[in-house]
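Have a look at the structure below, then the notes.
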Amino acid sequence: MKQFLGKRAVASAVSLLGLVVLVFFLSRLTGDPTDLYLPVDASVESREQFRELHGLNDPLVMQFVNYLGDLVRFDFGESIRRNEPAIDAVLRGFSWTLTLAVITMGLVTVCAITFGALAAFNVGGRFDRFATFVSLIGASAPDFWIAIVAIVLFSVNLGWLPTSGTGTVWHWVLPVAVLFIRPFGLILQVVRGSMISALQSAYVKTARAKGVGNRPIIFVHALRNAMLPVITVIGDQAAALLNGAVVVETIFGFPGVGKLMIDSILQRDFTVILAAIMVTAFAIFLMNILIDIAYAILDPRIRY
Amino acid sequence: MPDHLLDVRNLSVDFHTARGTVHAVRDVSWHLDRGEVLAILGESGSGKSVSASAVLDLIDCPPGEITSGEILFDGRNLLTMSADARRQINGKRIAMIFQDPLSHLNPVYTVGWQIEETMVVHGTARDAARRETVELLRKVGLPDPEGAVEKYPHQFSGGQRQRLMIAMALALKPDVLIADEPTTALDVTVQAQILALLQSLQKETGMGLLIITHDLGVVAEIAHRVVVMNEGEIVERGSAREVYHNPQHAYTKKLISAAPGQGAMSEGGQGPEPMLSMRGVTKTYGAFHAIDDLDLDLYPNETLAIVGESGSGKSTTAKLLLRLEEADAGEAHYEGRDIFKLSPKELYEMRRDIQMVFQDPTQSLNPRMSVYKIISEAWVIHPEILPKPRWRERVAELLEQVGLEAEHMYRHPHQFSGGQRQRIAIARALALEPRIIVCDEAVSALDVSIQAQVIDLLHRLKDELNLSYIFIAHDLPVVRDFADRVLVMQKGKVVEVGPVRQIFESPREDYTRNLLAASLDPDPDVQAERRAARLEAAQ
């Protein structure tokens, strides 16, 4: 297990470095931040001064080497826009996104597994057809459209919920609900399919022959076996949320890392872009490890 | 009418499938009493398992439908009981074990937990169940029962898994135990142990034992009475001796005469020079010695059988010979060259001469290719054999040679039965005009009557085409009928090798003797004698 974790850590560090190289140079292609931050009629001297201050005068490779040197000391640089360490801004945004992702994925997991398992137990039954119909719509509905319609309906017309921002519990309802729909639909489908084959398996027949009741057969015997492919999809969907649900966060004015990234790109705030990408990449690395551990816990045949 | 413990009366079950309704069993009646062993004998598709599934409510409805009949257990009709009431009986009073214990045990829970569950479901406290489980595992002869309860199914061997299933089924001392092909997937020696275990447990508890099997040997060894099924109907019933010695129905007669191990043994003398010699062949996987210093000779136009239990290295030998895997050491001389040292181009030429037929034709034939494509693919790879315009003609010829019809070439594998698919696999091997065919358990998955036909076919082709076979098998009666010489393997080593008559009539090694003693004869009297001899030896 230790060896496995070590190998994974090294592999992830390598891809993280590649990512840093890519993003560092790509973001420079968006243009010179000086044009954005100083007035159009700023003097050549003050432009020079701004460049000097933010180290933009050095050759690109030199800037990169300096950046890496700072990184080793966990210094992610200053945000041009915000006048604070880039990492502070990113961690603040990330903590919002993480909360949103954990709440949403928690709800999705519980609901999708329960409904998917019940649908699989009586294939073709009324509940199964209903669940399949709902999940198919959920999996295919575009979330930006749902977000806008939800705002129009619940905030503007009915006036039940705030349109955007944070502050109260009510502010969370719409973002969580909108982000819930697609993963719920997808995961329910996977649970259902995986459960159908698990329920047809020979060990379920054995359980029936032992006199085990329907509920333990579904939730004890079949579900744990059916969870392996499900966990993969859950991980996939959770990664998408951790990356920042850019569109949904923007629509709801939610101060998460996705919105921060978009803003920083528009503002040519290079250090923030890089820090945000590294933080989310690290989070996804951790989550993949968790998924591998979950695999080993669920299935004793898997050992690293 | 006297009351039987379990009484199936006039049971009919239909399955509604996309292709229409299948009458799985029609008007089937049998009964089982305390302390007796009943066998239901039949080939695949005969419906032999269906009535047992109905007893335990294991038939899914739909697609299944019980159209008529009743199943009386202790005088009460199971079919009219509530699902709850039947769950009270399942596992507690009627228990079942299955053919493939690995897939019938839940892979993600410890075996201890699974055995306890039987008891917990029926009201035993968890810790009492745990103590009882350890006792049960000791009783079914599992080593280290305290440690075993913490392990998972994949950590046991096939025979041990079947012991676990038996422990699970016997946890609550049921009145009836149903065993569906309980030893089919096991080695002969393990099969003998499991049957002996079932027998002694049955005597001890006085339960009724129902064995569902395709194997006359199992019937002969264990059953008091037998019911023979064919195409969903019972064609014959009676005591095991009566049915074997005096079968009435044509189907029973056919089944008994098809049982392998009754024909004349080969007296074929071997040629002067072996066409293939393997010397000092060794193959290890990590620390595991799959093949250890193996010598093997194959003479022209002979059948060399390789026998041994699972893990003895039979199949690995074949893989090394065909260079599907690389040997660690040793040589294999064929036509003056060492197969293990051939260059890719020479290997390509050699592959024409040595072809393989696998155990499971369902898996080894590509389901998306027509029979024509499957067979002619050989000539796509080896175009020098046959010009393309002649392909269709030659495929037709090959199909007729293996007992199929020319028009079958336009069909796909799923449209054939298991025996027909194996014929296609043989035709595919013949397409390259090989000199040696390696048959890896090529008839093991087939029903006895089909098995006999395929063996006949192989026999005929051997003479017609001057072929040599390496015939890998675990089924000794088949080997006895078919082989010229036999090579016995154990744990990667050759135990002994000799003409078939010598191996079967005067084996030199203890291992061979044990193997032969464990194999079952279809004659109940012969089995009774062997049982008596075993008891004597044990005392």
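Lettering of chains follows the sequences in order, A, B, ..., and the numbering in each one begins at 1.
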Give, as side chain, backbone, both or neither, the part of B:His154 having an atom under 4.5 angstrom from any heavy atom of chain A. side chain
Of the backbone (N, CA, C, O) and the side chain (C-beta and beyond), which part of B:Leu102 lies under 4.5 Å from a heavy atom of chain A, both, or neither? neither
Who wins among A:Gln200, A:Lys205, A:Arg301, A:Arg208 for the most heavy-atom pairs under 4.5 Å with chain B? A:Arg301
Residue, of B:Ile178, B:Asn106, B:Thr110, B:Leu56, that accumulates the most heavy atom pairs under 4.5 Å with chain A: B:Asn106
Go through the atoms of B:Leu58 and report whether side chain, backbone, both or neither lie under 4.5 Å from a heavy atom of chain A. side chain
Between the side chains of A:Thr97 and A:Glu249, does any donor sit under 3.5 Å from an acceptor? yes
Walk me through it: do A:Trp172 and A:Phe254 pass the test ring pair (Phe, Tyr, Trp, His ring centres under 6.0 Å)? CA-CA 9 Å; A:Trp172 291 81; A:Phe254 193 86; 5.2 Å; yes
Ring geometry between A:Phe127 and A:Phe130 (parallel below 30°, tilted from 30 to 60°, perpendicular above 60°): tilted
With a 4.5 angstrom heavy-atom cut-off, which part of B:Val108 approaches chain A: side chain, backbone, both or neither? both
Using a distance-only test with no angle check, is there a side-chain donor-acceptor pair under 3.5 angstrom linking B:Ser49 and B:Asp180? yes
Closer than 3.5 angstrom, by distance alone: can the side chain of B:Gln162 be matched with the main-chain N or O of B:Pro182 as a donor-acceptor pair? yes
Counting heavy-atom pairs closer than 4.5 Å to chain A, which one of B:Gln114, B:Met96, B:Glu117 comes out on top? B:Glu117
Closest approach of B:Ala129 and B:Val120, non-hydrogen atoms and distance? CB-CG2, 4.2 Å
If you count heavy-atom pairs under 4.5 Å between each of A:Asp299, A:Val212, A:Val204, A:Leu298 and chain B, which one has the most? A:Val212
